[in-house]
Amino acid sequence: MRLRSSLFAVGIAAAIVLTGCASGSTDSGNSEPGAALTIAKPDGAITTESNNPYLGDSSASKYGYGKVIFESLALVNPTGDLGTTPWLAEEVTWNEDYTQLTAKARSGVKWSDGEDFTADDIAFSFNQVLDGKLNDTNALDLKSVTVDGDTVTIDFNSSKYTQQARVLHFQIVPEHIWADIADPNTDPLTGEGQAVGTGPYALDSWTTESVTLAANPEYWGGELAVPELHYVSYGDNAALTTALATGEADWAQAFIPQIEDSYLSADPDNKFLASPTAGAGTLFMNLQTKPFNDPALREALAWTIDRQAYVDIAREGASEAIWSVTGLAALLEDEVIPEYAGQEYSVDIDKAREVLTDAGYTWEGETLIDPDGEAVTFSISVPAGWSDWNTEQALIAEELKEGLGIEVKIDQPDWGGWDAARQEGTFQAIIHWLEDTGNAYGLYTSTMDPKWIVDNKAAFNFGRFDDPAVTEALNTYANASTDADREAALAVIQTAFVENVPAIPLGAHPLLGEFNTRNYVGWPSEEDQYASADPTQPAIVQILTQQAGRMPRHPPRLHVGPHESLASPMRDSLLSVHDFSIVYDVDPPVRAVKNVTLELQRGEILGLAGESGCGKTTLAYGIQRLLKPPAVITSGSVVFHDATGVDVDVNALEPEEMRRFRWDKISMVFQGAMNSLNPVATIGSQLEDVFEVHRPDLSRRERRAAVVELLEIVKVGAQRSRSYPHELSGGMRQRVMIAMALALRPQLMVMDEPTTALDVLVQREILRQISHLRHEFGFSVIFITHDLPLLLEISDRIAIMRDGEIIELDTAERIWTDPHTDYTRTLLASFPRLTGARGVVHR
């Protein structure tokens with residue numbers, strides 16, 4: 001059994017070298033400084049500066065740069081050997097029951113402002129929590145903190161065996177700065193000279209577009225290969241993928257679908273590492289109701305579900321199958337007790353049917369019938385848009401239908417409905433993650449520990465397993481003072497898991513990292529997982545620190561895609577609308593749009609939501625000067641910031657200039673557009689018309705080739721160019737209209753209710769295609785609809801309109817989690833959910 005040692009070697013592992021690649025001779029002493037690294041996230045615009053490492057929603061935490069400014073006592077590897085590397089502490093030692101930690105402060109360390117780092121800084125950092133000045137968000141449960149020379153002793157009220165990483169990763173801050181901070185729970189740490197740490201990098205500049213950090217020349221860990229870090233955030237994963245593939249971003253953590261085609265094949269220097277952890281994607285079953293109140297059925301499922309398919313298809317290889325009957329991932333194989341060593345599930349339908357037959361199940365035709373004479377059926381719930389687990393839902397449904405005759409219904413609610421069901425126990429089966437403690441406790445507490453259920457709401461143990469003997473063993477495992485006691489407890493826990501099958505782990509939860517080796521080498525690899533390649537993890541400082549100096553190689557290479565100027569979501573403005581008003585000149589006059597001001601960013605999807613008649617479409621038409629009397633633009637400006645660098649005053653364009661501007665720079669998919677095609681003209685001829693008017697220099701052959709390309713892009717197929725509109729389905733006609741809007745490669749596409757009247761499956765497919773095309777061609781989107789839940793799924797930002805005014809404009813995440821107006825909250829509450837009471841917003 002592998003249990004972590006309580007005493008770790010002094011010093012930094014020699015393997016942690018990120019070697020810079022600069023031009024010049026092979027003499028590293030004469031080499032030029034290396035290239036900067038751009039670290040990217042898909043979380044939307046960085047809107048508010050906060051450099052406080054203890055605030056989970058600060059920009060330092062959300063975008064990860066706080067981890068290269070502030071450091072911790074030690075780094076616990078969540079992958080590889082699961083070992084611990086001392087960091088700001090030269091030594092870290094736990095007592096036998098893990099209620100006391102002794103840390104020796106590393107000598108020779110300075111804060112980035114030149115002050116000496118001492119043991120008193122460590123004590124001060126923890127004492128902030130002990131004294132109640134800083135919230136105990138990490139559940140440290142401190143008892144006392146004492147200092148003796150360069151040694152700090154920290155005592156806890158409870159064992160920290162299963163929480164070692166939480167303690168050791170607690171970030172240390174300078175007493176000489178923080179002693180003057182009145183409230184460390186709220187202070188953004190943006191004052192002059194406040195963002196001071198011991199880390200390898202120091203804050204250089206902060207803007208809403210990016211954050212720049214410069215190498216700390218006095219860093220205690222040695223010379224740094226990378227002179228500068230840039231942190232940038234993109235609108236979503238698709239935009240991030242584009243940036244990584246083109247070389248605009250160097251390093252990120254993201255799940256990228258079709259990663260071989262969309263990222264790795266773009267450049268041989270592009271690399272991807274998925275590092276398995278002790279956590280796992282897991283099928284949780286509601287043990288309190290049929291059909292999962294029968295252990296025999298649960299065991300039969302364990303013999304039927306294909307974990308390798310989960311890895312290969314749902315996770316596209318970014319995981320590791322878990323077959324052990326104990327549910328433990330390969331990283332924890334040393335904690336499998338001897339009785340179960342080597343015992344694994346497999347896809348064995350005969351075994352599964354034997355288990356069911358012995359338990360009194362029968363079949364009517366191909367349908368499984370339970371001992372009560374009822375057909376076995378259930379639903380699996382995963383939030384819509386969680387593509388990997390949505391795929392796994394379909395895989396499990398197919399496997400159980402074919403193998404056992406079980407009808408599985410696929411449920412894909414919004415996150416709020418799913419969250420309410422998992423807490424309240426109103427689901428049948430869900431796919432969920434585990435609490436990862438770096439040892440076997442994480443799996444077993446997550447699936448069998450009643451401590452997670454408070455006021456009848458579950459934070460884990462969603463199946464509500466309850467066995468007093470197992471509960472006692474879990475407590476013993478977490479608090480034991482000897483390895484023998486812990487092993488004895490593990491035997492009880494593991495036997496109960498094998499016999500009861502309370503949950504079915506599918507595949508190890510991985511930490512993901514995308515990076516390139518154009519300018520630097522020494523990254524973690526499958527052969528040497530000294531850390532994960534995830535730049536949001538504390539071990540980023542391990543990867544960025546070198547001890548042997550920079551080794552010269554080839555100079556930095558710039559990779560630019562065909563739409564470089566349009567491939568930087570959330571980086572610069574495309575459209576500026578200021579104080580814009582429209583009146584319908586009737587009796588009495590109707591003010592349809594009132595003093596609207598907004599900025600649209602390149603590559604951004606801006607949702608425009610509100611009730612019918614609120615002014616959404618009028619605003620969109622007004623921006624393009626498509627309105628006819630009695631509509632009149634009474635005030636304001638519309639400026640289009642062309643990719644050529646020219647600012648276009650749209651209101652000042654002459655009619656002929658406006659005609660050329662439309663469809664070339666801004667195109668539109670009109671409301672009900674799929675019914676707007678000419679019924680007596682072929683699809684191909686209608687698309688050719690666009691080129692004939694706006695690209696008259698193209699030959700007929702070139703126009704036809706462009707039409708064929710467009711139809712292939714939107715997945716209608718070139719053969720449909722000769723079809724008439726009535727020969728196409730509604731969804732295909734809508735795709736044709738999108739192709740028409742794309743024809744001239746505009747920089748902005750305005751879409752007015754583009755999926756109205758389409759069924760939900762076609763709607764979802766078209767929305768997925770819009771998102772894909774948006775990143776392939778680099779255009780921005782203004783998406784108009786009254787369907788706010790739809791906008792929450794696809795938009796980067798959302799503007800809420802009411803009575804002609806924009807009353808709220810924020811990121812989609814904040815509109816959902818923290819709407820500022822009562823009207824927005826009412827809109828959210830007006831949409832019924834698949835679970836939960838109607839009219840009640842669950843968050």
Side-chain angles (χ1 to χ4, degrees), residues 7-20 28-29 33-34 53 65-77 83-94 101-128 145-154 167-179 193-204 213-229 522 530-531 538-550:
L7 178 61
F8 302 102
V10 178
I12 303 174
I16 53 177
V17 179
L18 182 62
T19 306
S28 62
Y65 65 85
K67 290 184 172 62
V68 299
I69 297 175
F70 302 96
E71 296 182 302
S72 55
L73 296 178
L75 300 173
V76 180
N77 191 357
T84 296
T85 301
W87 205 252
L88 276 182
E90 293 180 359
E91 296 177 8
V92 288
T93 309
W94 291 95
L101 173 69
T102 302
K104 181 181 179 182
R106 186 175 295 279
S107 61
V109 178
K110 289 184 179 294
W111 295 101
S112 57
D113 61 0
E115 295 287 330
D116 289 334
F117 160 79
T118 70
D120 289 330
D121 291 307
I122 299 174
F124 170 81
S125 300
F126 282 96
N127 272 323
Q128 289 183 109
V145 180
T146 57
V147 178
D148 182 8
D150 60 0
T151 299
V152 181
T153 301
I154 307 169
V167 175
L168 296 174
H169 288 168
F170 183 74
Q171 289 167 304
I172 307 304
V173 296
E175 181 177 9
H176 67 278
I177 300 290
W178 284 68
Q194 281 192 305
V196 172
T198 59
Y201 292 84
L203 187 64
D204 183 63
L213 293 96
N216 178 359
E218 302 299 326
Y219 184 55
W220 62 270
E223 182 187 356
L224 297 167
V226 184
E228 191 171 270
L229 302 178
Y530 64 87
I540 183 174
V541 293
Q542 255 180 309
I543 299 171
L544 289 167
T545 300
Q546 71 159 6
Q547 292 178 297
R550 183 162 38 83

Using atom types as modelled and distance alone, determine if a side-chain donor or acceptor of N77 lies under 3.5 Å from a backbone N or O of Y530.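 Flag set: sc N77 to bb Y530 pair under 3.5 Å.
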Expected output: side-chain E218 to main-chain G114 donor-acceptor under 3.5 Å: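 Checking the backbone N and O of G114 against the side chain of E218, no donor-acceptor pair under 3.5 Å is found.
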What are the two closest non-hydrogen atoms of [X] and [Y], and how far apart are they?
X: V541; Y: K67; result: CG1-O, 3.2 Å
X: L544; Y: Y201; result: CD1-CE1, 3.9 Å
X: P217; Y: A215; result: CD-O, 3.2 Å
X: G193; Y: I177; result: O-CD1, 3.7 Å
X: A103; Y: V92; result: CB-CG1, 4.3 Å
X: P86; Y: T84; result: CD-O, 3.8 Å

Could you measure the distance from the [atom1] atom of [X] to the [atom2] atom of [Y]? Nearest 0.5 Å is fine.
X: E90; Y: L73; atom1: CD; atom2: CG; value: 12.0 Å
X: T151; Y: E91; atom1: OG1; atom2: CD; value: 8.0 Å
X: T545; Y: W87; atom1: OG1; atom2: CH2; value: 4.5 Å
X: W178; Y: Q128; atom1: CH2; atom2: CD; value: 6.0 Å
X: L88; Y: T198; atom1: CG; atom2: OG1; value: 4.0 Å

Mind running side chain to side chain contact (heavy atoms under 4.5 Å, CB included) on E71 and F117 for me, showing each step along the way? CA-CA 12 Å; E71 296 182 302; F117 160 79; over 6 Å; no
Result block: side-chain N/O donor-acceptor pairs under 3.5 angstrom for residues 120-127, not counting sequence neighbours:
from : atom 1 : to   : atom 2 : distance (Å)
D121 : OD1    : E175 : N      : 2.9
D121 : OD2    : W111 : NE1    : 3.1
D121 : OD2    : T118 : N      : 3.0
S125 : OG     : D121 : O      : 2.9
S125 : OG     : V173 : N      : 2.9
S125 : OG     : V173 : O      : 3.3
N127 : ND2    : A123 : O      : 3.2

Under the side-chain hydrogen bond (donor to acceptor under 3.5 Å, both in side chains) rule, collect the residues that match up with [X], sequence neighbours excluded.
X: D113; value: H176
X: T153; value: none
X: D150; value: none

For I69, enumerate each residue passing the side chain to side chain contact (heavy atoms under 4.5 Å, CB included) test, keeping only those at least two apart in sequence or located in another chain.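 In terms of side chain to side chain contact (heavy atoms under 4.5 Å, CB included), with neighbours along the sequence ignored, I69 is linked to Y65, L203, L213.
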Under the side chain to side chain contact (heavy atoms under 4.5 Å, CB included) rule, collect the residues that match up with E228, sequence neighbours excluded. A36, T212, H230
Beyond-backbone contact of S112 with V196, side-chain heavy atoms, under 4.5 angstrom: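 They are in contact (side-chain heavy atoms under 4.5 Å apart), so the answer is yes.
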Show the numbers, then the answer: is there a side chain to side chain contact (heavy atoms under 4.5 Å, CB included) between V167 and W94? CA-CA 11 Å; V167 175; W94 291 95; 4.0 Å; yes
